[in-house]
Amino acid sequence: PGDIVQVFDARNRPLGQGYINPASLIRVRLLTPHVDERVNKEFIAKRIERAWAYRQRLGHTGSCRVVFGEADFLPGLVVDKFIDTRSPGRVVLSVQFLTLGMERWKEVVLDALTTAIVPQGIYIRNDVPIREKEGLPLHKGFHGKPFDTELLIDENGLKLHVDVAGGQKTGHFLDQVQSHAAMQRISKGHRVLDCFTHTGGFGLHAAHYGAREVLGLDISEDAVAHATRNAAANGLKDCRFAVANVFDHLTDMSRRGEQWDVIVLDPPAFAKSRSAIENAYRGYKEINLRALKCIPNGGFLVTCSCSQHMTPDLFRKVVADAAHDAGRRLREVYQGTQPADHPILWGVPETHYLKCLMLEVH
């Protein structure tokens, strides 16, 4: 398990090379389409260098994703780079090894990242449940010398607190930066409700872009405390956050006839497997239906899905079904996905996971 193997189809035609893990549902993850290419230390290091060069070429010089698994031809590896604005030049990497095959190359990967980026610290976030499906233990900790894991990064001119040791996934979600910026188009002078706010991304940007009032809701007390801290760091006085069950809150609002000019829905993934699609469809439809009932004529719905199994076409259908049941018509203002540091690799649909629709409601 973890070794490099050659892969052929049923007619003995070469498909490439990858690493094997009989314990995983995905038996082999391909690294190269060539069966005669040597997969060694230099091969992995060059893939790291190429991923970093790609980000630099596209202008991702701030906090960004450096390696995005299959999309960077390094399946099972995720690397995020954070720059601490309090100490310019302080770069920290948060790294995840999600598969057994990539775990085997751990030291090579870390050496290559250190050489290419020269970070001041590296933190390993191998506390992701998917590792258990690969037969790997869960753990997290420093690679090398310990350091302060809390940083203050810049996103679209906002200062956001990030904890690479305690935050979700790698410490912070970097994939909504473009859609957060799109809030500038619809926020000024309006009341904005940010549902499933997490650490405040959409709500903070709405306030930053001149919203009259912002309320962010999340079921997690830790997330609400983090979002409140972010609002204070940016001096956003008309932006507050509260602990709430979003489904129940939207239902209560609808019953009371309470309305918001802009409602944002950015829930966690409802469909974490193909078998969960049917239930996820109902969940997405329900929250969009409830939100649409609480938006006045000419207001806006910003609705997102980060479920890789919820395809863009299926997501549009579920929102359209919700609008039909709510008796509303929708006019598209913006459609977004993950930024270029989270590239979408054609032929690997799982790399296209993020959808964001900004819709005018009539």
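Fair warning: this is a prediction, and the values are worked out from it, not measured in the lab. Numbers here are sequence positions counted from 1.
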Criterion side chain to side chain contact (heavy atoms under 4.5 Å, CB included) on Cys195 and Val264, from CA distance to verdict: CA-CA 6 Å; Cys195 300; Val264 180; over 6 Å; no
Asp325/Lys285 ion pair, N-O < 4.0 Å: yes
Evaluation steps, side chain to side chain contact (heavy atoms under 4.5 Å, CB included), between Phe68 and Asp341: CA-CA 8 Å; Phe68 182 40; Asp341 60 334; over 6 Å; no
Arg86 and Glu150 ion-paired at < 4.0 Å: no
Nearest-0.5 Å distance, NZ of residue Lys140 to CD1 of residue Ile124: 13.0 Å
Side chain Tyr54, main chain Ala340, donor-acceptor under 3.5 Å: yes
Side chain to side chain, Asp238 and Arg212, heavy atoms closer than 4.5 Å: no
Atom of Val128, atom of Arg125 and distance for their closest heavy-atom approach: CG2-O, 3.7 Å
Aromatic plane relationship, His208 with His205 - under 30° parallel, 30 to 60° tilted, over 60° perpendicular: perpendicular
Arg55 with Asp72: basic N within carboxylate O range, under 4.0 Å: yes
Residues Val302, Leu265; criterion side chain to side chain contact (heavy atoms under 4.5 Å, CB included); working and verdict: CA-CA 6 Å; Val302 180; Leu265 302 174; over 6 Å; no
Candidate list Leu152, Leu174, Val91, test side-chain contact (heavy atoms from CB on, under 4.5 Å), partner Phe82, passing option: Leu174
Pairwise distance CG(Asp222) to OG1(Thr199) - rounded to 0.5 angstrom: 12.0 Å
Short side-chain donor-acceptor distance under 3.5 Å, Thr32 and Glu37: yes
Check ion pair Asp80-Lys169 (N to O, under 4.0 angstrom): no
Least distance between heavy atoms, Gln338 atom then Pro343 atom: NE2-O, 4.4 Å
Pairs touching residues 6-15 that satisfy side-chain hydrogen bond (donor to acceptor under 3.5 Å, both in side chains), sequence neighbours left out: Asp9-Arg13
Spatial distance of atom CE (Met310) from atom CZ (Arg316) [nearest 0.5 Å]: 14.0 Å
Heavy-atom closest contact (Ala227 atom, Phe241 atom, distance): O-CE1, 3.4 Å
Flag side-chain contact, heavy atom, 4.5 Å: Thr337 against Ile344: yes
Minimum heavy-atom distance between Ala291 and Ile263, given as atom pair plus value: O-CD1, 3.6 Å
From Asn21 atom CG to Leu100 atom CG, the distance as rounded to the nearest 0.5 Å: 4.5 Å
Asp218 side chain to Ser220 backbone, donor-acceptor under 3.5 Å: yes
Straight-line distance of Thr311 OG1 to Gln308 CD, nearest 0.5 Å: 12.0 Å
Tyr353 side chain to Ser305 side chain, donor-acceptor N/O pair below 3.5 angstrom: no
Asp261 side-chain N/O to His190 backbone N/O, donor-acceptor pair under 3.5 Å: no
Tyr284 versus Thr303, side-chain donor and acceptor atoms under 3.5 Å: no
Enclosure of Lys159 NZ (heavy-atom neighbours >12, cutoff 6.0 Å): yes
same_hphob_cluster(Leu330, Leu289) at 4.5 Å side-chain heavy-atom cutoff: no
same_hphob_cluster(Leu93, Met102) at 4.5 Å side-chain heavy-atom cutoff: yes
CG/Leu58: more than 12 non-hydrogen atoms of other groups inside 6.0 Å: yes
Ring centroid separation Phe173 to His198 under 6.0 Å: yes
Side-chain heavy atoms of His362 within contact of Arg328, under 4.5 Å: no
Under 3.5 Å donor-acceptor, Asn156 side chain and Val177 backbone: yes
4.5 Å side-chain heavy-atom contact, Tyr123 and Thr149: yes
Considering all heavy atoms, the nearest Ser94-Thr170 contact: OG-O, 2.8 Å
Salt bridge present between Asp84 and Arg90 (N-O < 4.0 angstrom): yes
Closest approach of Thr197 to Gly216 (non-hydrogen atoms, all atoms of both residues): CG2-C, 3.9 Å
Candidate pair His180 and Glu155, rule side chain to side chain donor-acceptor pair (under 3.5 Å), full reasoning: CA-CA 9 Å; His180 286 165; Glu155 183 182 308; 2.6 Å; yes
Heavy atoms from other residues, nucleotides or ligands near CZ of Arg282 exceed 12 (cutoff 6.0 Å): yes
Val214 backbone acceptor or donor facing Arg191 side chain under 3.5 Å: no
Single-linkage hydrophobic cluster Val39~Phe97, side-chain heavy atoms < 4.5 angstrom: yes
Straight-line distance of Ile20 CD1 to Asp3 CG, nearest 0.5 Å: 8.5 Å
Val28 with Trp105, same ILVMFWY side-chain cluster at under 4.5 Å: no
Salt-bridge criterion met for Lys46 and Glu42 (N-O under 4.0 Å): no
Charged N-O contact under 4.0 Å between Lys317 and Asp313: no
Salt bridge flag under 4.0 Å for residues Arg329 and Glu360: no
Side chains of Ser24 and Arg29 in contact at under 4.5 Å (non-hydrogen atoms): yes
Joint hydrophobic cluster, Trp52 plus Leu77, side-chain heavy atoms closer than 4.5 Å: yes
Main-chain N/O of Pro137 paired to Arg131 side chain as donor or acceptor, under 3.5 Å: yes
Val224 and Arg240: CA distance, side-chain angles, deciding distance, side chain to side chain contact (heavy atoms under 4.5 Å, CB included) verdict: CA-CA 9 Å; Val224 167; Arg240 62 188 180 90; over 6 Å; no
Heavy-atom side-chain contact between Met253 and Arg290 under 4.5 Å: no
Side chain proximity check, Leu204 to Leu160, heavy atoms < 4.5 angstrom: yes
Residue pair Tyr281 / Leu314, side-chain heavy-atom distance below 4.5 Å: yes
Side-chain (Ser254) to main-chain (Thr251) donor-acceptor, under 3.5 angstrom: no
Residue Glu332 excluded, over 12 heavy atoms near CD under 6.0 Å: yes
